[in-house]
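So the structure is just underneath, and the comments pick up after that.
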Amino acid sequence: MTIANSRTLDSLDGRIILALDKDPEASALALSRTLGVARNTVHARLARLERSGALRSFSRRLDPAALGYELMAFLSLSISQTRTGSVENGLAAIPEVIEVHATTGDADLMAKVVARGTADLYRITNEILEIDGIERTSTAISILELMPPRYDGLISRLSEQESRPAD
């Protein structure tokens, strides 16, 4: 389980991220020219953003449908509280489980799962149920993604704030 670094981003970080969003292949030099900031500052900021986990892996941008996984589902999982480690490890071992969150309410965990179709989802769900510590699941199939994950509005708001002194 990953817990975000407690260091918050500042407006320069936001401007760098927005510029990368527009041109993911931009070099530190190109970013420094675009933003009017020293190349070493941009390079140091990018390194810190990667180290802190603020910038995640490139593969997170990939559409699972491009890999043949056109069905997405959300599984509410009830688990034995004494088996959380085995549950986390078991879920991590299933490639189709692409995201897991600890939640409040009726379910202990919420898992985002991709599948090639309903028969494949059935197989994956049964594989999840075989994990030591999973007591029961409830599945909701996504019919249509109405709004994909988006952060540009939050980043824009951050980048418009007055800059703190550069690192």
Side-chain angles (χ1 to χ4, degrees), residues 1-9 13-27 30-31 46-159:
M1 179 187 319
T2 303
I3 298 177
N5 188 322
S6 62
R7 178 170 163 47
T8 57
L9 305 181
D13 295 327
R15 290 174 49 221
I16 291 170
I17 293 168
L18 285 174
L20 276 174
D21 207 30
K22 289 179 184 168
D23 184 4
E25 297 179 12
S27 66
L31 290 170
L46 287 171
R48 191 198 70 220
L49 289 168
E50 288 177 16
R51 269 193 322 273
S52 72
L55 285 181
R56 296 179 176 174
S57 67
F58 185 78
S59 65
R60 292 184 59 113
R61 296 179 60 187
L62 185 65
D63 181 353
L67 297 171
Y69 294 92
E70 296 188 12
L71 189 140
M72 185 173 297
F74 299 90
L75 278 67
S76 300
L77 307 173
S78 295
I79 66 170
S80 167
Q81 299 301 312
T82 61
R83 301 270 192 231
T84 57
S86 65
V87 168
E88 285 182 38
N89 292 336
L91 292 171
I94 302 171
E96 295 88 354
V97 177
I98 60 171
E99 201 171 322
V100 178
H101 296 266
T103 59
T104 61
D106 293 336
D108 299 305
L109 302 175
M110 182 68 67
K112 186 176 180 181
V113 174
V114 293
R116 296 185 185 276
T118 54
D120 194 34
L121 179 60
Y122 181 78
R123 175 193 61 79
I124 296 163
T125 302
N126 282 324
E127 194 172 337
I128 289 170
L129 284 167
E130 291 174 7
I131 296 171
D132 186 32
I134 300 278
E135 294 178 349
R136 90 181 150 275
T137 68
S138 176
T139 304
I141 294 175
S142 173
I143 298 170
L144 178 66
E145 182 178 62
L146 297 176
M147 183 189 321
R150 61 190 182 107
Y151 303 101
D152 56 333
L154 298 173
I155 299 166
S156 291
R157 182 182 294 162
L158 172 68
S159 69

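Keep in mind that what you see is a predicted model, and the values were worked out from it rather than measured. Basis for what follows: all heavy atoms, side chains included, without hydrogens, waters or symmetry-related copies.
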Between Ser159 and Leu18, the two heavy atoms sitting closest are OG-CD1, 3.4 Å

Heavy-atom closest pair, residues Arg83 and Gly133: CB-CA, 3.6 Å

Please output the side-chain donor-acceptor pairs of residues 141-149 that fall under 3.5 Å, not counting sequence neighbours, one pair per line with the distance.
none

To the nearest 0.5 angstrom, please state how far the CD1 atom of Ile16 sits from the CG atom of Leu46. 5.5 Å

Separation of Leu129 CG from Ile134 CD1 (nearest 0.5 Å): 7.5 Å

Please identify each residue that fulfils side-chain contact (heavy atoms from CB on, under 4.5 Å) with Ala54, with sequence neighbours left out. Leu9, Leu49, Ser52

After noting the C-alpha distance and the side-chain angles of Val100 and Leu77, does the key distance pass the side-chain contact (heavy atoms from CB on, under 4.5 Å) rule? CA-CA 10 Å; Val100 178; Leu77 307 173; 5.6 Å; no

Quick check for you: to the nearest 0.5 Å, what is the distance between Leu75 atom CG and Arg136 atom CZ? 13.0 Å

Rounded distance [0.5 Å steps], CD1 in Ile128 versus OG1 in Thr137: 7.5 Å

Of all heavy-atom pairs between Ala19 and Leu31, which one has the smallest distance, and what is that distance? CB-CD2, 3.5 Å

Side chains of residues 105-127: which donor-acceptor pairs under 3.5 Å do they make with residues two or more places apart or in other chains?
| from | atom 1 | to | atom 2 | distance (Å) |
| --- | --- | --- | --- | --- |
| Asp108 | OD1 | Gln81 | NE2 | 3.2 |
| Asp108 | OD2 | Ile79 | N | 2.8 |
| Arg116 | NH1 | Leu67 | O | 3.3 |
| Arg116 | NH2 | Tyr69 | OH | 3.3 |
| Asp120 | OD1 | Arg123 | NE | 2.9 |
| Asp120 | OD1 | Arg123 | NH2 | 2.8 |
| Asp120 | OD2 | Arg116 | N | 2.9 |
| Arg123 | NH1 | Glu127 | OE1 | 3.1 |
| Arg123 | NH2 | Glu96 | OE2 | 2.9 |
| Thr125 | OG1 | Leu121 | O | 2.8 |
| Asn126 | ND2 | Tyr122 | O | 3.3 |

When rounded to the nearest 0.5 Å, the distance separating CG of Leu154 from CD1 of Ile17 is 11.0 Å

Taken to the nearest 0.5 Å, the spacing of Ile155 CD1 from Arg150 CZ works out to 11.5 Å

